[in-house]
Structure formats: structure tokens, C-alpha cells
Engineer: 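Pasting a structure below so you can have a look.
Sequential numbering from 1 along the given sequence is applied to the chain's residues. Both ligands and their constituent atoms are indexed starting at 1 by order of listing.
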Amino acid sequence: MHTVDLRIDPHWIVPVEPAGVVTGHALLVDAGRIVAIVPTAQADAQYTARESVVLPSHVVIPGLVNAHTHSAMTLMRGIADDVPLKPWLTEHIWPCEARFVSDDFVFDGTMLACAEMLRGGITTCNDMYFYPDAAARAYDAAGMRALIGMPILDFPTPYAADADAYLSRGLAARDAWKQSSLLTFALAPHAPYTVGDATFGKIVMYARQIDLPIQTHLAETRDEVAEARAATGVSPLARLDALGVTGPAFIAIHGVHLDAADIALLARQGCHVVHCPASNMKLASGVAPVAALLAGGVNVALGTDGAASNNRLDLFSEMRLASLLAKVTTMDAAVLPAATALAMATINGARALGLDAVTGSLAAGKEADIVAVDLSGAATLPVFDPVSHLVNVADRSDVSDVWVRGVRMLERGALVTLDEASILARTRSWQQKLAAHPVP
Ligand SMILES: [Zn+2]
């Protein structure tokens with residue numbers, strides 16, 4: 001008999017890799033890792049568990065990976081709706097950030113984001129925001145896994161005066177958290193239109209020297225691409241490629257307005273694209289060519305973007321939107337089936353973040369990032385195909401239990417590692433501050 005920390009007996013297990021659905025199996029976890037997924041009789045015969053969790057009406061899946069967000073922007077949820085990207089940024093978000101964003105703002109906003117994401121089955125996120133050290137403290141306190149982008153802009157903000165200051169503050173945050181096993185870092189130039197060639201050159205140098213991924217918003221709007229082509233003669237992606245930015249550790253966020261040459265370039269260089277369907281719809285940016293990217297062999301993950309342009313950090317709704325948008329834009333109902341949407345929200349996200357050896361699927365040896373979804377409600381029964389249900393039927397409120405690296409984060413709908421009442425109280429106090437000084 002082997003003694004393990006945890007045994008979970010759900011009705012269904014969807015490991016994502018390999019594809020398909022397993023029933024009559026137990027999932028065994030020890031020291032934060034998945035030990036085995038075996039038939040229940042074998043689990044009975046070979047394993048004793050310190051803790052046993054029986055989930056008779058649940059499907060168990062890998063923790064979801066939110067491959068693009070700005071966590072602290074939860075505090076700006078709903079601050080400016082019904083505005084396209086450019087005025088949304090320049091007239092609403094940037095002035096509000098200049099006035100309010102601080103170390104405290106980012107810590108409190110990121111804690112709120114952790115509470116929202118963990119409740120919705122998200123165990124890993126890819127964050128990009130000011131004060132990455134404050135964000136790291138929040139993820140560490142929550143026990144959530146994150147890739148933290150060090151923000152880089154070519155214009156001053158209260159956080160940093162110039163590109164060198166952004167880089168040195170970001171790298172200092174990374175150094176401070178080097179020992180964390182749940183936190184990794186990336187270079188995060190905001191976008192090709194806010195960062196010049198010289199700064200991209202420095203970013204590439206650091207990325208190569210200390211082996212860091214690079215992520216940036218790319219080809220989000222038609223105007224961005226048209227203006228870049230008018231100024232440089234090439235697409236924003238081709239410009240970044242010429243600067244040495246692209247490669248297997250390059251994460252292109254949005255990728256709404258990519259042409260066939262861009263898609264071929266992304267595939268050739270082994271780059272990743274993060275599709276953010278709700279944000280792209282809300283800001284009227286367009287629909288990313290996801291079916292063409294997948295057909296071209298590009299790894300496509302899913303992200304929520306920030307809560308100010310979504311306005312929720314909910315990968316269940318992103319999976320559903322991604323699937324429906326791909327079908328209606330190609331006029332092909334077979335495009336982007338549920339299993340593909342679920343892979344985008346799990347293993348593809350882990351791959352994009354360079355974390356696929358650690359998370360993204362339920363496999364022996366991987367860390368135990370596990371989510372249980374209860375399918376026994378009036379809105380979810382009957383169940384013929386749990387994978388279809390995860391994308392087409394289930395809601396994030398059906399998430400009952402969440403583990404990160406074997407540690408319980410959510411237990412029968414209640415957050416375990418976070419003091420939710422105090423997070424909500426802090427949020428209400430920020431709400432009062434922001435409401436008292438509306439921008440502009
Ligand atoms: Zn974004």
C-alpha cells in the first residue's frame with residue numbers, strides 16, 4: 001500500500017491530454033503532484049489516502065489557464081463601457097491609472113482577481129500590469145500560479161519614468177521572487193504602438209540573456225495595423241520579427257487583424273497567440289482568425305483580458321464565445337469543437353506560458369492543479385457528454401472545488417486560502433475612492 005495525501009473520486013475525469021473522458025477512476029495526489037489516475041478497484045487495493053474527496057456528480061478537469069489578463073484592473077470593472085479601444089485607453093483608462101494606480105491598488109486589485117479567478121476554476125494566470133512586485137505578493141498570499149509580465153512603455157507613468165526604469169523595476173521584482181515555485185516572469189512591452197524599436201532591442205537582449213518569454217498586445221485593432229503599415233511598410237508582427245522578438249517564447253496577445261503571411265510567420269517561429277474573444281467583441285476590435293491559426297499549426301490559448309474591458313475574468317464564457325465565434329465567422333459548425341475550446345483554456349495556455357511540463361493537463365508527474373465542476377443542477381442535467389457541457393452548458397458558478405499544487409483553494413464553493421470578506425471590504429473602499437474622483 002502507498003500512502004498519498006489526497007484521493008479524489010469524481011464521476012468523470014477529463015484529463016485533456018490524452019483527449020477523452022474517463023469514468024470509474026480515482027485521481028491520486030501526493031506532495032502536490034498527481035501520482036496516478038487509476039480504476040477505483042486498483043486505487044482501493046494499492047493506495048491509502050490521508051484525505052478522500054468523493055464528487056459523485058462532478059467532472060474533474062485541469063485547472064484553467066487565463067493566458068492574458070491585467071488582474072488589478074478588477075478595481076476598474078465597469079468604469080468605461082461602450083467605447084472603442086483608442087478612446088477607452090486614452091480618455092478613460094490611462095487617466096484613471098495615472099491618478100489611482102499604486103502598489104496598494106495593485107495588491108488589492110490582484111487579490112480581488114485571485115478570488116474571482118479561483119472561484120471560476122482558474123488556477124494559473126498570465127498577468128501584465130504596473131507594480132508586478134505587488135501583484136506577486138497577492139498571488140503568493142492566495143497560493144495561485146502566475147506568469148507575471150513586467151510592463152514596459154516608452155512613456156512615463158507614476159510607476160516608471162522611461163523604458164530603462166520600467167525594465168529595472170520589473171527585473172528587480174523578478175529577482176525578489178526568484179525562489180517562488182508558483183511565480184514566473186515575462187517581459188511585457190505593452191504594444192508595438194507604445195514601444196519603439198530601441199526599447200524592443202533592449203527587451204530582446206534581456207530575453208536572451210536571462211531566458212524570459214516576451215508578451216505583447218498585437219494587431220488588436222484594424223487602425224493599429226493600418227497605421228503601422230503606413231509608417232513602416234510592414235505589419236506590426238513583421239516589424240517585431242525583424243527586431244528579433246518572435247520565437248517559441250513569444251506570446252502575441254489578441255492577434256485580431258493578422259493576414260495569411262502573419263499566420264505563416266507565427267507558425268514558422270513557434271509563437272503563441274492568446275485569443276480574448278469577449279474583450280475583442282466589447283471594444284469592437286473584431287474577431288481573431290482562430291480557425292486559420294489552429295489550421296496553420298499555431299498554438300492558440302484563451303484569455304479574459306482585464307476586467308475593465310470584459311468585464312469578467314471568466315474562462316467558461318471565453319470558451320463558449322471562442323467556439324461560437326469561430327463557427328459563425330467561418331460558417332462551419334464543425335470548427336472549434338468543445339474539446340478544442342477546453343484545450344485552449346488548459347494545455348494550450350500552459351504551453352504558451354512555458355508551463356506545460358507543470359500544469360495544463362491531468363497527468364502523473366504534473367503538479368496537482370485540479371478543478372471540480374458540479375453538473376447536477378437543473379441547468380446542467382442531463383449529461384451525455386461532459387466535455388460538451390463544460391463549454392456549452394456549465395457556468396463558472398458550477399465550479400465547486402479547486403486545488404493548486406495539491407492545496408485546496410475552493411472547498412464546496414468557499415474560498416480557503418483567501419479572506420474573501422476582507423477582500424470585498426477593501427474593494428468597496430476603492431470603489432468609493434474611484435467614484436469620488438471620476439475621470440475625466
Ligand atoms: Zn490586455
Engineer: Report the distance from atom CG of Leu27 to atom CD1 of Ile13, rounding to the nearest 0.5 Å.
Structural biologist: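 So the CG of Leu27 and the CD1 of Ile13 are separated by 5.0 Å.
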Engineer: Does the separation of the ring centres of Phe105 and Trp430 fall below 6.0 angstrom?
Structural biologist: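 Between Phe105 and Trp430, the centre distance is under 6.0 Å.
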Engineer: Could you tell me whether any N, O or S atom belonging to His68 is less than 2.8 Å from the Zn ion (ligand 1)?
Structural biologist: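 Coordinating: yes.
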Engineer: Using 2.8 Å as the threshold, say whether any N, O or S atom from Cys276 sits that close to the Zn ion (ligand 1).
Structural biologist: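 It does not: Cys276 brings no N, O or S atom closer than 2.8 Å to the Zn ion (ligand 1).
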Engineer: Mind telling me whether His254 and His68 have parallel, tilted or perpendicular rings, with 30° and 60° as the class edges?
Structural biologist: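 The rings of His68 and His254 stand perpendicular, inter-plane angle above 60°.
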Engineer: Where the Zn ion (ligand 1) is the centre, what is the NE2-to-OD1 angle for His217 and Asp305, rounded to 10°?
Structural biologist: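 About 170°, to the nearest ten degrees.
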Engineer: Using distance alone, with no hydrogens and no angle criterion, decide if Tyr129 and Thr110 have a side-chain donor and acceptor under 3.5 Å apart.
Structural biologist: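 Thr110 and Tyr129 do not have a side-chain donor-acceptor pair below 3.5 Å.
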